[in-house]
Amino acid sequence: MNQWILEPDEILTVHPILPVLVVDSVEQAVSIGNALIEGGYSALEVTLRTPAALDAITEMRRTFPDVLVGAGTVLNTADYDQAVKAGAQFAVSPGLTEALLRHARNQTIPFIPGVASASEIMQALAHGYECLKFFPAEASGGVAVLKAFGGPFPQVRFCPSGGIIAANAQDYLALPNVAAVSGSWMVSDAVI
Ligand code: 3PG
């Protein structure tokens, strides 16, 4: 049993569209955060792809206490632990490793591992993960593949991400096994 502060399902059900941010500075993160909140978003993912990411997570938690702030691009257990330390409330990865699946199970913040194949889904299920990121969604076959996964894996809820835009987001959200979608398409609007 995990001791997560909340379940991934709770996050994705309440926040069906999750903005993904790549931030160059803490100031930029806060200003994008402000724009997204004004646009009605109340959960976001800051990718650990830039040196500013961890500080940005900490500052966003302080500035936006009512917003759910997660860490994305969590590639290993060190990333996961740094994300927790920075104040992230959930962690997302583009793929999965045995080490991450094992580690995150015993920590406090929920982890949403990434999958793109049936074998990876089976690996995640073997560790008790039923809420998964589907990445890169469009390049991996998009809606058609998620429909196909619904057959053998009816218990899995997906958060597709990668190549999702305003024009195709609803097609994904209409699928019964899609709990939420995530992406960066709305962030460029927020920046402008
Ligand atoms: C990512 O990790 O890059 C996300 O899945 C966002 O993808 P996008 O930039 O194609 O929306």
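In this text the structure is predicted, and so the values were computed from the model without any measurement. By convention here, the first residue in the shown sequence is residue 1. Each ligand, and each atom within it, is numbered from 1 in the order the structure gives.
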Quiz item: Hey, does the side chain of R105 reach the backbone of Q3 with a donor-acceptor pair shorter than 3.5 angstrom?
Solution: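 No; zero donor-acceptor contacts below 3.5 Å.
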Quiz item: Any sub-3.5 Å donor-acceptor pair from S184's side-chain atoms to V187's backbone N or O?
Solution: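 No; judged by distance alone, with no hydrogens or angles, the pair does not exist.
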Close approach of [X] to ligand 1, heavy atoms, under 4.0 angstrom:
X	answer
R49	yes
G72	no
P94	no
E138	no

Quiz item: Between H103 and D81, is any side-chain donor less than 3.5 angstrom from a side-chain acceptor?
Solution: yes
Exercise. Using a cut-off of 6.0 Å, state whether more than 12 heavy atoms not belonging to E98 lie near its atom CD.
Key: yes
Nearest protein heavy-atom contact for [atom]: which residue, which atom, what distance?
atom	value
atom 5 (O) of ligand 1	S161 OG, 2.4 Å
atom 8 (P) of ligand 1	S184 OG, 3.5 Å
atom 10 (O) of ligand 1	G163 N, 2.8 Å

Quiz prompt | Contact atoms of ligand 1, heavy-atom distance to G183 under 4.0 Å | solution = 6 (C), 11 (O)
Quiz item: What atoms of ligand 1 come closer than 4.0 angstrom to any heavy atom of G162?
Solution: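 Those atoms are 5 (O), 7 (O), 10 (O).
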Practice problem: Determine whether the aromatic ring centres of F149 and F158 lie less than 6.0 Å apart. | Solution: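 Judged by ring-centre distance (under 6.0 Å), F149 and F158 do meet the cut-off.
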Exercise. Please test V46 against M60 for side-chain contact (heavy atoms from CB on, under 4.5 Å), starting from the C-alpha separation and ending with a verdict.
Key: CA-CA 10 Å; V46 179; M60 287 172 118; 3.7 Å; yes
Quiz item: Would you call the rings of W4 and Y129 parallel, tilted or perpendicular if under 30° counts as parallel and over 60° as perpendicular?
Solution: tilted
